[in-house]
J.: 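I have a structure here, written as structure tokens, and I will follow up with some questions on it.
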Amino acid sequence: MIKQKNVDIQERETMAETTYANALNRTVDVGGTTFAYRELGATSGVPVIFLNHLAAVLDNWDPRVVDGIAAKHRVIVFDNRGIGASGGSTPDTIESMARDAIAFIRALGFKRVDLLGFSLGGMVSQVIVELEPQLVRKMILAGTGPAGGVGIDKVTQVTIVDILKGYLTFKDPKHYLFFTTTANGRREAGKFIKRLKERSEDRDKPISVGAFRTQLKAIHAWGVQQPSDLSTIQQPVFLANGDHDRMVPTPNTVDLAKRLPKSELKIYPDAGHGGIFQFHDEFVAQALEFLTR
């Protein structure tokens, strides 16, 4: 891991030519804790901060989505506290994760950002915009739901069952967690898992068992807490999910769309939790149109 707070001019000039498969690993000090991140795409403009899903590290983002957004925007992907190569201990609440994400964004010197939050990252994004509304210009929320959303308190059960299923069938659990069991779903799952392996060098550290368990605790608490008043969020929000999300049931995404004043919604057919990865070409086009509007 390369410790580097500032990107020099030569690197900045080559960032636009970087792909996620070869993007440099970087670190920044956030209040005495090292946070790991990667950066690519445009060298100016409002950056898009990617916030990741349960158990995910830098290498769990679909490179087609990252590269697609980076074709037009500055993209920053990071490991939050205690995840992957980032230091510290993973917090056990979504709010604490949001505060850490805000501190990371501030440490990079940004005063205005767009957020792309997937699953757990979408929950964190909702709290970021509530805590620091002036920091966020636009949000993209995928495969996620509101506090107290239907079935979110069952994420641990669904996850453990599919991890065991993956173990017994010698498959990555994301085959079951992210995709439908139709022939098309199984085919797209295989393609997605293959894309995640495109980066062959300088890969991130896997999540620890302790951090994974702490994230599950935070998601469960989010699922049983009282709903927030989302009507106060005035930023434009693009929401996306598959029509058969088992992890964060699809009705949660529809509920968010109804409760967020400036929202638009896309539900992908024959798709699960990883709908934005299954339909990455369509999603990227829609996301770019939304961000550049």
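Quantities reported herein were computed from a predicted structural model and do not represent experimental measurements.
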J.: Sequence neighbours left out, what passes salt bridge (Lys or Arg N to Asp or Glu O under 4.0 Å) with K217? Give chain and number order.
T.: D92
J.: Within the distance-only criterion (no hydrogens, no angle test), does the side chain of Q235 pair as donor or acceptor with the backbone N or O of V136 below 3.5 angstrom?
T.: yes
J.: Check the pair D270 / T182 against side chain to side chain donor-acceptor pair (under 3.5 Å), numbers first and verdict last.
T.: CA-CA 8 Å; D270 188 20; T182 65; 2.9 Å; yes
J.: Keeping the roles fixed (side chain from S86, backbone from G82), state whether a donor-acceptor pair exists under 3.5 Å.
T.: no
J.: Please check if the distance between the ring centroids of H53 and F178 is under 6.0 Å.
T.: yes
J.: Does D245 reach the main-chain N or O of G272 with its side chain, forming a donor-acceptor pair under 3.5 Å?
T.: no
J.: Can a donor-acceptor pair be found, under 3.5 Å and without considering hydrogens, that links the side chain of T232 to the backbone of D229?
T.: yes
J.: Does E188 use its side chain to pair, donor to acceptor, with the backbone of G275 at less than 3.5 Å?
T.: no
J.: Please enumerate all residues that pass salt bridge (Lys or Arg N to Asp or Glu O under 4.0 Å) together with D172, with sequence neighbours excluded.
T.: K174
J.: For D162, is there an ion pair with R246 - N to carboxylate O distance below 4.0 angstrom?
T.: yes
J.: Using atom types as modelled and distance alone, determine if a side-chain donor or acceptor of R81 lies under 3.5 Å from a backbone N or O of S96.
T.: no
J.: Counting heavy atoms not belonging to H73, are there more than 12 under 6.0 Å from its NE2?
T.: yes
J.: When rounded to the nearest 0.5 angstrom, what distance separates OG1 in T292 from NZ in K72?
T.: 8.5 Å
J.: Between F35 and F104, what is the ring plane arrangement, given parallel below 30°, perpendicular above 60°, and tilted in between?
T.: parallel
J.: Anything under 30° is parallel, anything over 60° is perpendicular, the rest tilted; go ahead and classify F290 against F238.
T.: tilted
J.: With D202, which residues qualify under salt bridge (Lys or Arg N to Asp or Glu O under 4.0 Å), at least two apart?
T.: none
J.: May I ask you to check whether N25 and R38 show a side-chain donor-acceptor distance below 3.5 Å?
T.: yes
